[in-house]
Amino acid sequence: MSRKLMVAGNWKMNKNLMEALTLASQVITRAKKTSGKVEIVLAPPSPFLHTINSMSKDLGFVKVAAQNCHYEQNGAFTGEISAEMLKSMNLAYVIVGHSERRKYFNDDHSVLSKKVTAVAGAGLGIIFCCGEPLDVRENNNHQSFVQTQLSDSLFNLSAEEMKNVVVAYEPVWAIGTGKTATPEQAQEMHAFIRKIISEQYSSEIANNCTILYGGSCNPANAAALFANHDVDGALVGGASLHSDQFLQIINAREFLPVR
Ligand code: 13P
């Protein structure tokens, strides 16, 4: 079985309602012209999730993801959204562990591990983000840093649950900076992530796990990143806010061979 190719757009806290619906409809219209072999994931702000999910439901390869959720199922947590709620909206994925959540909202290992458990328990897919800050890379500790992120927050999942996980390697120094990891840096880390998943679970689970690159991915650098054996797609921030750029990244993934 070849593993799933994916290009996901994390819109973060951008777009008002009309802008969000316009962008979603542009992406969906253009997605119809693709072969469907690349799964396209839209992660809009939470108020727009339900409408955008309804807009995309006729295209099986266009899915919608929440950018975050709480780890409790319900209760007195004003302003929060549970994985169960997202499940009831038939969403496909929840992004867990984005570096902005880690930095600004104190999503540490113990919180993330509970979120991972809650999302898996609700039966939703997880897009789990990991990645090192600049000083860690400069000190050549990036592999052990990412290994700790995965083992502390993700590897409490069962093998069955792990089959619904997409890993997104997003080096913090590349996010929103215009500074992309080189294709070699991305490949090296993706291969390492696949190796530790294989050691923790099995080579089959590791080989079937979709691993995305994130961090200043754009139409100019996407093809070179995707040309690497272990780079299955991208989690795109800024460029996903423009349908033409996002579609160019999807096209870059489409025209490279399936693994
Ligand atoms: P940029 O593509 O804007 O660097 O953002 C990447 C990201 O954080 C996706 O989750």
Side-chain angles (χ1 to χ4, degrees), residues 5-15 19-20 23-24 27 38-46 48-49 52 63-69 86 91-105 107 112 115-116 119 124-134 136-137 142 145-146 149-150 153-154 165-183 185-186 189-190 193 210-226 231-253:
L5 303 177
M6 179 185 288
V7 174
N10 175 9
W11 298 2
K12 309 190 180 182
M13 196 175 74
N14 291 296
K15 306 287 179 189
E19 291 165 348
L23 176 58
V27 172
V38 177
E39 188 168 291
I40 301 169
V41 178
L42 303 178
S46 52
F48 314 141
L49 284 168
I52 292 177
K63 307 270 182 167
V64 174
Q67 296 175 17
N68 177 43
C69 72
L86 300 171
L91 299 190
Y93 300 99
V94 183
I95 299 174
V96 179
H98 193 282
S99 65
E100 288 149 17
R101 296 284 328 165
R102 294 176 192 260
K103 180 173 173 195
Y104 301 123
F105 302 98
D107 278 12
L112 292 176
K115 288 189 177 187
V116 159
V119 177
L124 290 163
I126 297 169
I127 300 177
F128 185 81
C129 302
C130 57
E132 79 288 351
L134 186 59
V136 171
R137 171 143 304 250
H142 43 289
F145 186 92
V146 166
Q149 287 182 319
L150 296 178
S153 307
L154 191 62
V165 173
V166 170
V167 175
Y169 169 56
E170 301 204 308
V172 178
W173 46 271
I175 296 177
T177 58
K179 195 167 185 271
T180 319
T182 64
Q185 287 171 323
M189 183 60 91
H190 285 221
I193 291 170
T210 297
I211 306 181
L212 308 178
Y213 168 78
S216 299
C217 181
N218 61 40
N221 59 33
L225 289 160
F226 298 159
V231 182
D232 304 313
L235 179 55
V236 185
S240 74
L241 300 174
H242 309 276
S243 61
D244 52 339
Q245 292 183 28
F246 191 53
L247 262 292
Q248 283 178 58
I249 296 172
I250 294 163
N251 286 337
R253 182 59 283 184

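Quick caveat, the model's predicted, so the values are computed rather than measured. Counting starts at 1 for both ligands and their atoms, following the listed order.
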Considering only protein heavy atoms, which is closest to atom 2 (O) of ligand 1, and at what distance to one decimal place?
G237 N, 2.9 Å

Closest protein heavy atom to atom 7 (C) of ligand 1, given as residue, atom name and distance to 0.1 Å
E170 OE2, 3.2 Å

Quick check on contacts: which atoms of ligand 1 are under 4.0 angstrom from a heavy atom of [X]?
{"X": "H98", "answer": "7 (C), 8 (O), 9 (C), 10 (O)"}
{"X": "A174", "answer": "4 (O)"}
{"X": "L235", "answer": "9 (C), 10 (O)"}
{"X": "K12", "answer": "5 (O), 6 (C), 7 (C), 8 (O)"}
{"X": "S216", "answer": "1 (P), 2 (O), 4 (O)"}
{"X": "G238", "answer": "1 (P), 2 (O), 3 (O)"}

Work out which heavy atom in L86 is nearest to a heavy atom in N68; give both atom names and the distance.
CD1-O, 3.9 Å

Closest heavy-atom contact between I249 and C217?
CD1-O, 3.9 Å

Considering only heavy atoms from C-beta outward, does the side chain of [X] approach that of [Y] to under 4.5 Å?
{"X": "N218", "Y": "F246", "answer": "no"}
{"X": "F128", "Y": "L150", "answer": "yes"}
{"X": "M6", "Y": "V41", "answer": "yes"}

Does G215 have a non-hydrogen atom less than 4.0 Å from ligand 1?
yes

Should A239 be listed as contacting ligand 1, given a heavy-atom distance under 4.0 Å as the test?
no

Polar contact flag, side-chain donor to acceptor under 3.5 angstrom, [X]-[Y]:
{"X": "T180", "Y": "N221", "result": "yes"}
{"X": "Y213", "Y": "Q185", "result": "no"}
{"X": "W11", "Y": "Q67", "result": "no"}

Please state which part of I175 comes within less than 4.0 Å of ligand 1, counting heavy atoms only: side chain, backbone, both or neither.
both

